[in-house]
Structures are given as C-alpha cells and as structure tokens.
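Have a look at the structure below, then the notes.
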Amino acid sequence: MAEMVTLTIDGREINAPAGTTILEAATDANIYIPHLCSNEELAPYGACRLCMVEITQGERARLVASCIFEVADGLEVETNTERVLNVRKLVIELLLARNNKHPALRKIADELGVKETRFPVEQKGCILCGQCVRTCREVVGVSAIGFSGRGITRKVATPFMEFPPDCIACGSCVYVCPVQFIPMKEENGVRTIKGFDYPMQKCSKCGRYFAPKKQLEYFSKITNLPLEHFETCVGCR
Amino acid sequence: MKARIKKIIDKYHSNKGFLVPILLDVQREYNYLNREALNLVSAFLEVPISQLYELGTFYKAFSLEPRGRHEMKLCTGTACHVRRVPLMKDNIERVLQIQAGETTPDLEFTFETVNCLGACALGPILVVDGEYHGNISISKTNKILKKLGKKVKIDEEN
Ligand code: FES
Ligand code: FES
C-alpha cells in the first residue's frame with residue numbers, strides 16, 4: 001500500500017495515495033475537473049492547461065495544472081474559484097482558435113459559458129495535446145510520429161513529413177485523438193492513415209483482411225514467434 | 001559516412017542523453033543534418049528517427065537543409081525594424097534571389113532574419129559569418145555582398 005495523504009478539494013477532505021495527481025484524486029472523489037491532454041495510460045504531461053486549479057500551501061495560493069501536480073498532506077485545492085474559471089475560459093478560447101468546431105471542445109466551452117473565442121480562428125484541427133505522439137511512444141513503443149518545429153509552427157509530424165518508416169499502422173493515434181484529427185479508413189485490403197497506405201493481411205483460414213501486415217511483423221519481432229503464427233485472425237485460431 | 005558517424009557517437013560513449021551535442025557534431029561534419037546521417041545515428045543509438053527529426057526541427061541551431069558557405073543574419077527586432085530593416089531585407093532578398101530563411105541554389109549564401117541580437121544601439125545589424133556589422137544601410141549590405149563575391153548590379157548599389 002502506498003502511503004496515504006490527506007488533502008481538501010473544494011472543502012472536502014480526501015485521502016489519496018501519495019504520488020497521485022490532483023486530477024486523479026479529484027476524479028476518484030467524483031469531483032469533475034475538465035481536462036483534454038491527460039490520459040491515465042500515459043505519463044503526466046500538462047499540455048492543454050485546461051485542468052488548472054488553485055492550490056494553497058501555507059500562505060500562498062497559486063494556479064497549477066492538476067494533471068501534473070501531485071497531492072500532498074494539507075494541500076488545499078479549489079477547482080472552481082473565479083481565478084480558476086478565468087484561466088480555463090482563456091484556455092478554451094485559445095483551443096477554440098485552433099479548432100472551433102469539434103463537439104468535445106464546444107461542450108467544454110459551453111460548460112464554461114464561452115460562446116466564441118476572442119482570437120482569430122485558424123482552424124488547425126489539432127490542439128497539440130500530444131496524446132497521439134505519446135501513445136505511439138509510451139504505449140505502442142515504436143515512436144513513429146513526433147512533433148516538429150516549435151512555438152506557432154509546432155505540429156504533429158512524421159519524420160521529414162514523409163511516410164513514417166517505423167509506423168505499424170496500429171491506429172492507436174487515431175483512436176486516442178480527442179478531436180478526431182487523424183483520419184483512418186480501410187478499403188480493399190489497405191488501411192489508410194492520414195494519407196499513408198498500409199497493406200492488410202488476409203487471414204490464412206477465413207480470408208478476411210484483419211490486421212495491417214506491418215503490425216503483425218512487429219508482433220512477430222517483439223514476441224520472437226514466427227510470422228505465420230500471426231497470419232490467422234483471432235476468430236480462426 | 002558510417003565510420004565518421006560511429007566516431008562521433010563513440011566520443012559520447014553511445015549515450016542517448018547526448019543527442020543534442022551528437023547532432024551538433026554531425027552537423028558540423030556535414031554542414032547540415034542530412035538524412036543518411038540521421039538514419040545512421042538513429043540506428044546506432046536505437047533512437048527512433050521521429051525523435052531526431054523532432055530535435056532537428058526544434059532547435060534553431062540545427063538545419064535539415066544544406067547551409068550556404070556564408071551565413072547572413074539580419075536583425076528584424078523592434079529597434080532595427082524602425083531603422084528601415086525591412087527595406088534592407090527586401091534588397092538582400094532581391095540580390096540573392098531567395099527569401100529570408102532560404103539558401104541560394106549554389107550553396108553560397110544562407111540568409112535569415114533574427115529577432116533582436118541584444119545590440120540595439122548598433123542597429124540596424126547584419127551578422128555575416130559571425131561578424132557583426134552595425135549601422136548598416138542598403139549600400140553597405142551591397143558592399144558586403146560584393147566582397148563575398150556576389151555580383152551586385154550598379155543600379156542596386158544605393
Ligand atoms: S489535462 Fe492537465 S494540462 Fe491538459
Ligand atoms: S532590435 Fe536589432 S539588435 Fe535589438
């Protein structure tokens with residue numbers, strides 16, 4: 001058992017294992033803090049700044065991102081003060097400036113009473129939460145995609161903006177994206193992710209296309225089992 | 001190339017923590033971060049190419065395109081801007097026939113703009129191959145270009 005600490009969130013006393021983040025502790029206690037880039041399968045990151053809360057430790061009150069700030073004994077957290085709501089509004093407005101269409105973002109904006117953004121809308125689509133990049137790196141383990149540039153030119157990119165050699169076409173990036181920015185389709189034995197084509201494998205028994213060839217090759221490589229082993233779909237095994 | 005890259009990596013004991021210095025060395029060796037070199041670094045260190053690309057595009061010090069033999073950096077910071085740097089920028093772009101941020105096809109010149117060199121009193125400033133030229137004008141930039149072997153037409157000289 002991890003050591004427990006006691007903190008208060010919105011006046012409620014809460015026990016949480018040391019080392020958890022404020023966001024996790026709040027979620028476990030059924031206290032809602034809006035968030036976009038945090039994902040329990042991934043290491044804390046703190047990119048979107050939507051999950052800002054106000055904390056008081058001793059004399060000082062300050063704003064922190066709850067998804068990266070760890071709980072501590074005697075910590076006082078407020079999730080709904082005016083200061084907090086003000087930054088959150090600003091943050092969602094900035095996010096809307098990159099994508100003012102997606103329902104998930106609109107919903108959060110509505111909750112915060114934000115109708116439109118003050119900033120010129122660039123409609124980039126991607127909000128740079130980095131979940132795709134981090135999933136590819138931390139969960140899938142191939143790190144086929146990354147970021148490029150920085151500041152206003154930062155974007156999610158394949159190496160040299162070309163076909164990503166390490167991609168196994170698993171589609172995890174597509175799945176994890178909160179704003180469905182990465183398109184994927186499957187047609188005639190080819191999976192297409194963001195314009196890149198990957199041939200699919202036909203099941204050796206039923207003949208159905210069931211998985212990208214590159215993904216099966218990757219399985220075979222990491223498990224040290226022969227490729228043929230993976231050329232049958234789960235249903236036929 | 002393989003041996004040269006290997007040598008650089010060995011210098012850092014194949015330590016992935018030294019990616020930036022390794023890439024800087026590679027760049028010094030080849031004048032820019034070329035593909036083949038990056039692929040070799042990726043293979044030797046077992047670092048995904050996406051991460052090298054990320055670094056290469058993140059830091060201003062790296063270039064994924066070949067660099068010119070001469071590097072010109074024109075300050076477009078506020079103090080320099082109000083001293084008519086935009087006109088000089090247009091002029092240099094016209095003479096070199098490239099846009100700021102590009103390299104001439106003959107690989108002689110790379111021309112870039114920077115934001116405030118912290119020497120505003122000397123502005124407008126043009127840095128050529130690491131040497132600071134303060135208080136420049138269009139005719140001064142033309143003289144510099146000429147000295148570096150660029151033919152500047154007479155009618156552009158003032
Ligand atoms: S959820 Fe905390 S910064 Fe994005
Ligand atoms: S603005 Fe050019 S040096 Fe400061």
Side-chain angles (χ1 to χ4, degrees), chain A residues 37 42-43 45 47 124 126 128-174 176-177 181-182 193-196 198 214-215 217-218 221-222 224, chain B residues 1-2 5 14-20 22-24 26-27 30-67 73 75-78 99-103 110-116:
Chain A
C37 69
L42 303 173
Y45 192 59
K124 295 224 185 336
C126 170
L128 295 176
C129 72
Q131 288 194 65
C132 50
V133 171
R134 292 181 288 140
T135 303
C136 192
R137 192 169 298 176
E138 296 173 29
V139 180
V140 184
V142 299
S143 218
I145 53 174
F147 289 103
S148 81
R150 62 166 158 182
I152 53 169
T153 62
R154 187 169 170 87
K155 54 180 171 217
V156 170
T158 56
F160 306 99
M161 303 290 170
E162 291 173 6
F163 186 89
D166 297 327
C167 175
I168 58 168
C170 66
S172 301
C173 51
V174 178
V176 82
C177 176
F181 180 64
I182 310 173
I193 306 178
K194 201 132 179 77
F196 298 119
Y198 305 88
K214 289 192 81 178
Q215 186 171 7
E217 283 161 17
Y218 182 67
K221 192 180 119 203
I222 58 173
N224 264 325
Chain B
M1 177 176 271
K2 223 173 169 158
I5 299 284
S14 303
N15 187 334
K16 289 181 201 177
F18 288 105
L19 270 184
V20 170
I22 288 173
L23 292 187
L24 279 172
V26 171
Q27 170 154 303
Y30 298 100
N31 147 307
Y32 72 111
L33 293 179
N34 71 55
R35 281 271 198 120
E36 222 186 317
L38 284 184
N39 283 331
L40 286 170
V41 173
S42 159
F44 277 133
L45 287 178
E46 294 178 12
V47 170
I49 189 73
S50 68
Q51 279 169 37
L52 299 182
Y53 182 72
E54 199 166 299
L55 282 175
T57 59
F58 186 87
Y59 291 107
K60 273 258 159 74
F62 292 130
S63 171
L64 296 167
E65 305 287 331
R67 311 275 301 172
K73 293 191 180 135
C75 178
T76 55
T78 315
Q99 298 290 304
E102 293 178 351
T103 299
T110 294
F111 174 50
E112 283 166 339
T113 57
V114 292
N115 305 320
C116 192

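Naming convention: chains lettered A, B, ... in sequence-line order (proteins, then strands); numbering from 1 in each chain. These figures come from a predicted structure and were not determined experimentally.
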Under 3.5 Å, what donor-acceptor pairs does chain A form with chain B?
residue, atom, partner, partner atom, Å
Arg137(A), NH2, Glu54(B), OE1, 3.2
Ser143(A), O, Ser50(B), OG, 2.5
Ser143(A), OG, Gln51(B), NE2, 3.0
Phe147(A), N, Glu54(B), OE1, 2.8
Gly149(A), N, Thr57(B), OG1, 2.8
Arg150(A), NE, Phe58(B), O, 3.0
Glu162(A), OE1, Arg35(B), NH1, 3.3
Glu162(A), OE1, Arg35(B), NH2, 3.0
Glu162(A), OE2, Arg35(B), NH2, 2.7

* Is chain A contacted by the side chain of Leu64(B), its backbone, both, or neither, given a heavy-atom distance below 4.5 Å? -> side chain
* Asked: Which region of Leu38(B), side chain (C-beta onward) or backbone (N, CA, C, O), has a non-hydrogen atom less than 4.5 Å from a non-hydrogen atom of chain A, or is it both or neither?
  -> side chain
* Part of Pro164(A) lying under 4.5 Å from any heavy atom of chain B -> neither
* Does a sphere of radius 6.0 Å around CD1 in Ile222(A) hold more than 12 heavy atoms from other residues, nucleotides or ligands, not counting ones at 6.0 Å or beyond? -> yes
* Asked: Between Val142(A) and Pro48(B), is any pair of side-chain heavy atoms under 4.5 Å apart?
  -> no
